[in-house]
S.K.: 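Below is one structure. I have some questions about it.
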Amino acid sequence: MIGIFDSGIGGLTVVKALMEYLPGYDIIYFGDTARTPYGTKSSETVKKYALENTEFLLSKGAKVIVIACNTASSVAMESVAENFDVPIFEVITPAVELSINTSHKLCIGIIGTRATVKSGIYEKKIKELNPQAKVYSRACPLLVPLVEEGWLKKPETNMIVKKYLHPLKVRQIDTLILGCTHYPLLKNIIQKKMGKKVNIIDSSIAVANNVKAFLEKHKNLDNMLSKKGRCRFFVSDVTEQFEKTATSMLKRKINLEHVSSG
Ligand code: DGL
């Protein structure tokens, strides 16, 4: 099974991408809905949660872990990799590699939660790959609650997106990384605001691509993964709203199972 976790249900954007790139692979998802959001918490707290979430997925039989949450990937990737002996994927590196490989001007923007932007991880990784790159980041804390409310096409959301993106537009970036699980759901509005020449990088697709390439190279591991098309979705708190949003994100009825976090 491929184990995926996120602070909540935003990571279902990664599940969706994995289902597309690796159809039939069994998936187990954990959304820490009782402790969401992670984007406003300290890195120590997010690390602790990430270790607990990984342990839970491994206890359920996951053989590969995907950290779908950008905030957890930013601050907890190293701790998770140090503590568990299975392949761990995060969403930052694939998005960074894709941005460097596709950007013409190497003028790259990043949007994410406060914790992700504060960590400086995207800048660090981009500069490691290409020190010439110019990087501009912007925290967009209001976008997560807007997506969770399902306000994907409201004029208010349009206005807020415009305000957040303005400084990046002024810098004339040619590539924009969506550094948060929820932002792929606003991709159309974001693309419209930035203009069609700006290449929008969706980390959910980038990580799904990486997992696929890794499994193609590591056949032993691939053979160990069950492929019966089964998916289980665990959350640490079940509410009607989560179930509704999750169903509309995956465009199929999904049944959230409750498990205590921590
Ligand atoms: N999953 C988080 C991320 O991708 C967004 C929601 C949160 O703040 O927990 O950064």
Side-chain angles (χ1 to χ4, degrees), residues 3-18 29-54 57 65-77 79-80 88-96 109-123 125 137-152 157 160-161 164 176-187 190 200-208 233-237 239 241-242 245-246 249-250 256 261-262:
I4 304 170
F5 77 83
D6 178 41
S7 55
I9 52 168
L12 292 177
T13 52
V14 176
V15 172
K16 198 168 169 215
L18 278 169
Y29 182 83
F30 175 67
D32 199 0
T33 48
R35 304 191 291 197
T36 200
Y38 285 7
T40 50
K41 301 214 162 55
S42 72
S43 46
E44 280 321 304
T45 300
V46 176
K47 270 184 208 165
K48 176 177 171 284
Y49 293 171
L51 293 173
E52 288 167 1
N53 301 346
T54 307
L57 291 171
I65 299 291
V66 180
I67 308 179
C69 177
N70 277 260
T71 304
S73 294
S74 302
V75 302
M77 169 64 194
S79 309
V80 175
I88 314 277
F89 291 86
E90 38 80 24
V91 282
I92 316 284
T93 312
V96 163
I110 295 135
I111 49 175
T113 63
R114 281 212 175 95
T116 296
V117 169
K118 186 166 168 254
S119 77
I121 186 90
Y122 277 103
E123 284 88 338
K125 283 188 180 279
S137 15
R138 180 100 163 111
C140 307
L142 292 174
L143 300 190
V144 166
L146 286 170
V147 169
E148 286 190 354
E149 272 306 305
W151 283 30
L152 303 182
T157 306
I160 292 168
V161 168
Y164 278 142
L176 177 65
I177 299 179
L178 304 183
C180 174
T181 44
H182 291 56
Y183 302 172
L185 293 159
L186 297 171
K187 195 170 170 182
I190 293 172
I200 309 282
I201 308 256
D202 177 340
S203 356
S204 62
I205 294 175
V207 72
F233 300 96
F234 289 93
V235 286
S236 47
D237 188 37
T239 66
Q241 180 61 24
F242 280 138
T245 311
M249 279 172 81
L250 282 187
L256 298 177
S261 52

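We count ligands from 1, going down the list as the structure has it; atoms in each ligand are counted the same way. Everything numeric in this text was worked out from a predicted model, so none of it was measured. Just so you know, residue 1 is the first one in the sequence shown, and it goes up from there.
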S.K.: Among N70, T13, D6, which one has a heavy atom closest to atom 3 (C) of ligand 1?
M.R.: N70

S.K.: So, the side chain of R138 versus the backbone of Y164: is there a donor-acceptor pair under 3.5 Å, distance only?
M.R.: yes

S.K.: Show which atoms of ligand 1 fall inside a sub-4.0 Å distance from at least one heavy-atom site of T36.
M.R.: 9 (O)

S.K.: Is the backbone N or O of D32 less than 3.5 Å from a side-chain atom of T36, with the two atoms forming a donor-acceptor pair by type?
M.R.: no

S.K.: Could you list the atoms of ligand 1 found under 4.0 angstrom from a heavy atom of Y38?
M.R.: 7 (C), 8 (O), 9 (O)

S.K.: Among G39, A68, S7, P145, which one puts a heavy atom closest to atom 6 (C) of ligand 1?
M.R.: S7

S.K.: Report yes or no: does G10 have a heavy atom closer than 4.0 Å to ligand 1?
M.R.: no

S.K.: For S73 and I67, indicate whether the former's side chain and the latter's backbone hold a donor-acceptor pair under 3.5 Å.
M.R.: yes

S.K.: Quick test of your reading of the model: are K48 and E52 salt-bridged, counting only N-O distances below 4.0 Å?
M.R.: yes

S.K.: So, T245 versus E148: side-chain donor-acceptor pair below 3.5 Å or not?
M.R.: no

S.K.: Numbering the atoms of ligand 1 from 1, which are under 4.0 Å from a heavy atom of T113?
M.R.: 5 (C), 8 (O), 10 (O)

S.K.: Can you report which non-hydrogen protein atom sits closest to atom 10 (O) of ligand 1, along with the distance?
M.R.: T71 OG1, 2.6 Å

S.K.: Mind running side chain to side chain contact (heavy atoms under 4.5 Å, CB included) on T239 and T33 for me, showing each step along the way?
M.R.: CA-CA 9 Å; T239 66; T33 48; over 6 Å; no

